[in-house]
Undergrad: 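Have a look at the structure that comes next, please.
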Amino acid sequence: MTPDQIELVQTSFAKVAPISDQAAVIFYDRLFEVAPSVKAMFPADMTEQRKKLMSTLAFVVSGLSNLDSVLPAASALAVRHVSYGARAEHYPVVGAALLWTLEKGLGPDWTPEVADAWTAAYTTLSGYMIAQAYGRPQAAE
Ligand code: HEM
């Protein structure tokens, strides 16, 4: 990711922060719509899950300019996800739901540059998590 892309991700995420819980509702609704089979993997009450997702995203987004500060936590998160039943092929589905949510939340602020920056951020993060959890030869750059 370029420094400009990191800034775009950070400034756009800050715009979604005030509607964080609503964004998480939209995200899981979308995820379960496009991938109904993963719904059973999640708890029935998603209240805490929504908070955990958004606070983890906030942590990762704030650490993008200093990746070494987030990689250990991302690695541990990826390994925990194996026991949740997450598979490597789920990551692109989750990424698409996340980008869709950001597009809805940001409206006109979802520019092609912002979309590219988020694609780069999610590709970097998910590639690293997949490599950590499943040993695929992909690394964060
Ligand atoms: C970068 C991508 C992802 C992020 C940032 C993320 C974040 C989180 C966080 C913060 C939690 C709370 C529990 C914990 O911290 O261990 C969680 C739980 C969970 N995630 Fe993810 N996740 C990601 C990708 C995925 C994928 C690809 C799947 C596959 C369907 C998935 C399925 C789950 C499930 C089922 C739980 C709930 C586990 C339980 O409470 O029983 N996640 N995720």
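Counting starts at 1 for both ligands and their atoms, following the listed order.
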Undergrad: I need the minimum non-hydrogen distance between A74 and M129, along with the two atoms involved.
TA: O-CG, 3.7 Å
Undergrad: Does ligand 1 have a heavy atom under 4.0 Å from the side chain of K52, from its backbone, from both, or from neither?
TA: both
Undergrad: Does T56 reach ligand 1 with a nitrogen or oxygen that is under 3.5 Å from one of the ligand's nitrogen or oxygen atoms?
TA: no
Undergrad: Applying a heavy-atom cut-off of 4.0 Å, say which part of L125 lies close to ligand 1: side chain, backbone, both or neither.
TA: side chain
Undergrad: Using 0.5 Å steps for rounding, measure from the CE atom of M1 to the OG1 atom of T123.
TA: 9.5 Å
Undergrad: Would you find more than 12 non-hydrogen atoms of other residues, nucleotides or ligands less than 6.0 Å from Q49 atom CD?
TA: yes
Undergrad: Backbone N or O of A86 within a donor-acceptor pair of the H90 side chain at under 3.5 Å?
TA: no
Undergrad: So, for Q10 and S62, which heavy atoms are closest and what is the spacing to 0.1 Å?
TA: NE2-O, 3.7 Å
Undergrad: In the protein, which heavy atom is nearest to atom 32 (C) of ligand 1, and how far is it?
TA: F42 CZ, 3.3 Å
Undergrad: Among the clusters formed by ILVMFWY side chains lying less than 4.5 Å apart, do V25 and V34 turn up in the same one?
TA: no
Undergrad: So Y134 and Y91, would you call those rings parallel, tilted or perpendicular, with 30° and 60° as cut-offs?
TA: perpendicular
Undergrad: What atoms of ligand 1 come within less than 4.0 Å of a heavy atom belonging to M129?
TA: 1 (C)
Undergrad: Would V38 end up clustered with W100 when hydrophobic side chains under 4.5 Å apart are linked, directly or stepwise?
TA: no
Undergrad: Donor-acceptor pair, distance only, cut-off 3.5 Å: does the side chain of Q5 make one with the backbone of T2?
TA: yes
Undergrad: Can you tell me which residue and heavy atom of the protein come closest to atom 35 (C) of ligand 1, and the distance to 0.1 Å?
TA: M41 O, 3.4 Å
Undergrad: I'd like to know if R87 contacts ligand 1, where contact means a heavy-atom distance under 4.0 Å to any ligand atom.
TA: no
Undergrad: Which heavy atom of the protein is the closest neighbour of atom 11 (C) of ligand 1, given with residue, atom name and distance?
TA: Q49 NE2, 3.5 Å
Undergrad: Is there a side-chain contact between L57 and V60 (heavy atoms, below 4.5 Å)?
TA: no
Undergrad: Listing by chain and number, which protein N, O or S atoms are under 2.8 Å from atom 21 (Fe) of ligand 1?
TA: H81 NE2
Undergrad: Measure the distance from atom 15 (O) of ligand 1 to every protein heavy atom, then report the residue, atom name and distance (to 0.1 Å) of the closest one.
TA: R80 NH2, 3.0 Å
